[in-house]
Amino acid sequence: MAGMALNPIQILKQQAEEERGETARLSSFVGAIAIGDLIKSTLGPKGMDKILQSSNPAHENIQVTNDGATILKSIGVDNPAAKVLVEISKVQDDEVGDGTTSVTVLACELLKEAEKLVSQKIHPQTIVAGFRRATDVARAALQDASIDHGNEPDKFREDLMNIARTTLGSKILTQYKEHFSKLSVDAVLRLKGSTSLDAIKIIKIPGGGLVDSYLDEGFLLQKKPGVNQPKRIENARILIGNTSMDADKIKVFGSRVRVDSVAKVAELELAEKEKMKEKVGRILKHNINVFINRQLIYNYPEQLFADAGVMAIEHADFEGVERLALVTGGEIVSTFGNPELVKLGRCDLIEEVMIGEEKLLHFSGVPLGEACTVILRGATQQILDEAERSLHDALCVLSQTVKETKTIFGGGSSEMLMAHVVSQLAQKTPGKEAIAIEAFGRALTQLPTIIADNAGYDSSQLVSELRAAHAEGKITYGIDMETGEIGDMQQLGITESLKVKRAVLLSASEAAEMILRVDDVIKAAPRQRQPDHPH
């Protein structure tokens with residue numbers, strides 16, 4: 001017994017790390033709060049932008065954006081708690097399209113409050129229980145304050161316009177928000193209640209200004225027809241193919257053909273030509289006047305199509321082909337033996353149009369009436385990319401609102417409303433949970449504070465005025481970002497979708513709760529590289 005070593009027992013592998021208790025919780029809080037502080041300045045209509053630069057010298061691309069999900073997706077984080085926040089912002093983006101910054105900032109503020117409570121020796125489970133009760137009353141208050149104009153088309157359209165203006169108000173498109181709000185509402189109402197945005201295609205063409213962007217009914221494809229082929233076709237019967245139309249060379253890697261004279265080479269080429277001619281003949285048997293292929297079409301088959309008066313379009317990218325099939329009501333075909341079984345796409349007119357410097361093919365009168373194309377114009381590629389992201393957010397929110405028609409007022413009024421009911425609950429609750437519920441209310445109040453701070457207004461003055469207004473029962477009051485005073489959001493028309501607000505509240509509180517429960521972080525040992533075995 002005397003010789004027994006007093007070294008601590010090593011359970012984990014060499015180089016594996018473990019953080020316990022307070023240290024683990026602290027590292028989680030620090031990581032999550034750092035992410036929140038990074039993204040905080042982009043919140044609200046006066047939020048600032050970030051430049052994201054790629055470290056890869058081959059792709060020297062930069063992004064200029066204030067979209068929370070894009071920023072968080074692009075930065076590599078190592079802290080596990082920070083990864084949770086990145087994940088919730090990604091889910092928010094996929095689920096409802098907007099509120100990606102709000103959800104991260106709210107989760108971060110909840111964790112800041114929780115950190116103070118943990119340092120006062122309040123157990124994390126007590127804080128979690130308090131947060132849960134606060135979330136329930138806040139959600140109920142949101143539901144009660146929501147307005148539903150789903151059955152009145154005129155009022156509902158105005159609601160949608162207001163939601164689009166509010167969503168685009170914090171993006172690059174803010175100076176043309178009337179133009180883009182109308183454009184996105186028109187596009188979404190064409191979908192007739194569907195939340196799939198496949199029928200809306202966004203094409204970015206550099207040049208002009210953002211205000212030159214417009215919505216085009218029908219479908220645009222960024223391709224040109226082949227040489228000597230018709231540029232305009234009425235009552236088009238379209239065959240959409242995914243087949244190789246290059247010369248059928250022997251496609252076996254490394255194969256060789258030995259011939260004993262040049263004449264034999266000519267015979268081989270002739271055989272290939274015949275084979276191709278037969279394939280084009282099979283395609284033409286479908287009684288079509290437009291052939292769109294996903295792969296290349298070489299000169300010879302292109303010439304054969306031109307002779308037959310068929311417009312042949314090559315290399316329509318996969319997404320373009322999929323969308324074309326959806327819009328024209330056709331099928332994508334790879335074999336052409338049974339023309340009677342193939343469903344052709346149809347449209348009234350295909351013609352070539354010029355936009356800026358680019359030539360595009362315009363399909364009008366397509367069977368899928370919902371189909372439309374948004375043409376974005378802008379000075380630089382970065383502006384176009386950011387405009388596309390902003391427009392995509394607006395389209396997502398609007399399509400979700402058409403499905404769930406309830407709306408709620410923005411400008412910090414819904415957060416203040418929730419904070420008010422949460423603090424009332426805290427006053428009625430005995431025990432330590434009340435402290436956690438109060439903290440939840442304070443975290444909600446931080447959102448209007450940050451929005452005001454980002455605009456350079458006096459946030460303490462505004463938020464205290466706003467709190468007083470809500471205590472008097474003026475629940476539609478929020479911060480008017482134009483004047484820097486509090487105002488009635490109902491008159492200003494600052495509306496948001498209930499679904500977005502609800503998703504922000506629930507995701508943020510669940511993420512904060514998950515990070516709060518952590519008391520141990522174990523990092524696995526890095527994998528050792530095995531030396532290569534000599535042969």
Side-chain angles (χ1 to χ4, degrees), residues 28-44 47 67-69 71-73 77 79-118 124 127-143 170 393 397 408 410 412-423 425 436-451 496-518:
S28 297
F29 285 155
V30 168
I33 289 167
I35 286 282
D37 287 343
L38 164 81
I39 209 171
K40 198 195 278 186
S41 62
T42 66
L43 187 65
D67 177 43
I71 296 168
L72 292 180
K73 234 182 332 199
V77 287
N79 184 292
K83 280 184 179 157
V84 171
L85 293 198
V86 173
E87 199 55 42
I88 56 167
S89 117
K90 215 161 30 189
V91 169
Q92 180 81 10
D93 195 32
D94 297 343
E95 192 68 17
V96 281
D98 197 23
T100 51
T101 310
S102 312
V103 73
T104 314
V105 170
L106 180 56
C108 155
E109 293 301 332
L110 286 170
L111 288 170
K112 272 187 186 169
E113 293 293 339
E115 186 184 18
K116 290 178 201 161
L117 300 184
V118 169
I127 303 173
V128 166
F131 278 9
R132 279 200 176 160
R133 291 186 58 185
T135 308
D136 288 343
V137 292
R139 183 184 182 171
L142 262 187
Q143 200 75 29
S170 61
D393 281 4
V397 175
I408 190 118
S413 71
S414 50
E415 284 84 2
M416 215 61 212
L417 165 82
M418 293 190 279
H420 183 64
V421 292
V422 167
S423 59
L425 174 72
I437 295 172
E438 215 171 299
F440 195 94
R442 278 200 300 277
L444 283 167
T445 316
Q446 281 300 311
L447 283 173
T449 311
I450 292 166
I451 291 173
E496 294 195 46
S497 165
L498 171 70
K499 192 165 184 181
V500 172
K501 278 284 176 237
R502 195 175 56 214
V504 165
L505 173 73
L506 299 180
S507 303
S509 63
E510 280 172 15
E513 187 181 307
M514 185 172 153
I515 293 169
L516 253 177
R517 289 166 175 271
V518 172

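Keep in mind that this is a model prediction, so the values were computed, not measured.
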Is [Y] close to [X] at the side-chain level, that is, under 4.5 Å between some pair of heavy atoms?
X	Y	result
Thr135	Glu510	no
Val137	Met418	no
Asp37	Lys112	yes
Leu516	Phe29	yes
Val91	Asp94	no
Val397	Val96	no
Gln92	Glu87	no
Thr42	Ile39	yes

To the nearest 0.5 Å, tell me how far [X] [atom1] sits from [Y] [atom2].
X	Y	atom1	atom2	answer
Phe131	Leu117	CZ	CG	6.5 Å
Asn79	Ile35	CG	CD1	8.0 Å
Thr101	Leu43	OG1	CG	6.0 Å
Leu72	Asp67	CG	CG	9.0 Å
Leu417	Leu142	CG	CG	6.5 Å
Lys83	Ile88	NZ	CD1	15.5 Å

Heavy-atom closest pair, residues [X] and [Y]:
X	Y	answer
Ala32	Leu85	O-CD1, 3.4 Å
Ala443	Leu110	CB-CD2, 3.6 Å
Ile33	Glu115	CD1-OE1, 3.6 Å
Ala508	Ala107	CB-N, 3.7 Å
Val105	Gly36	CG2-O, 4.4 Å
Thr104	Ser89	OG1-CB, 3.5 Å

Please check this pair: side chain of Ser414 against backbone of Gly410, looking for a donor-acceptor N/O pair closer than 3.5 Å.
no
Is there a donor-acceptor pair under 3.5 Å between the side chain of Ser509 and the backbone N or O of Leu506?
yes
Determine whether more than 12 heavy atoms belonging to other residues, nucleotides or ligands lie under 6.0 Å from atom CZ of Arg442.
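For Arg442, atom CZ is crowded (more than 12 foreign heavy atoms under 6.0 Å).
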Can you confirm whether Glu95 is buried at CD, in the sense that more than 12 heavy atoms of other residues, nucleotides or ligands lie under 6.0 Å from that atom?
no
Is the shortest distance from a Lys or Arg side-chain nitrogen in Glu415 or Lys501 to a carboxylate oxygen in the other one below 4.0 Å?
yes
Salt bridge between Arg517 and Glu513, side-chain N to carboxylate O under 4.0 Å?
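Yes.
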Working note: Glu113 + Ile127, criterion side chain to side chain contact (heavy atoms under 4.5 Å, CB included); need CA distance, chi angles, decisive distance, verdict.
CA-CA 10 Å; Glu113 293 293 339; Ile127 303 173; over 6 Å; no
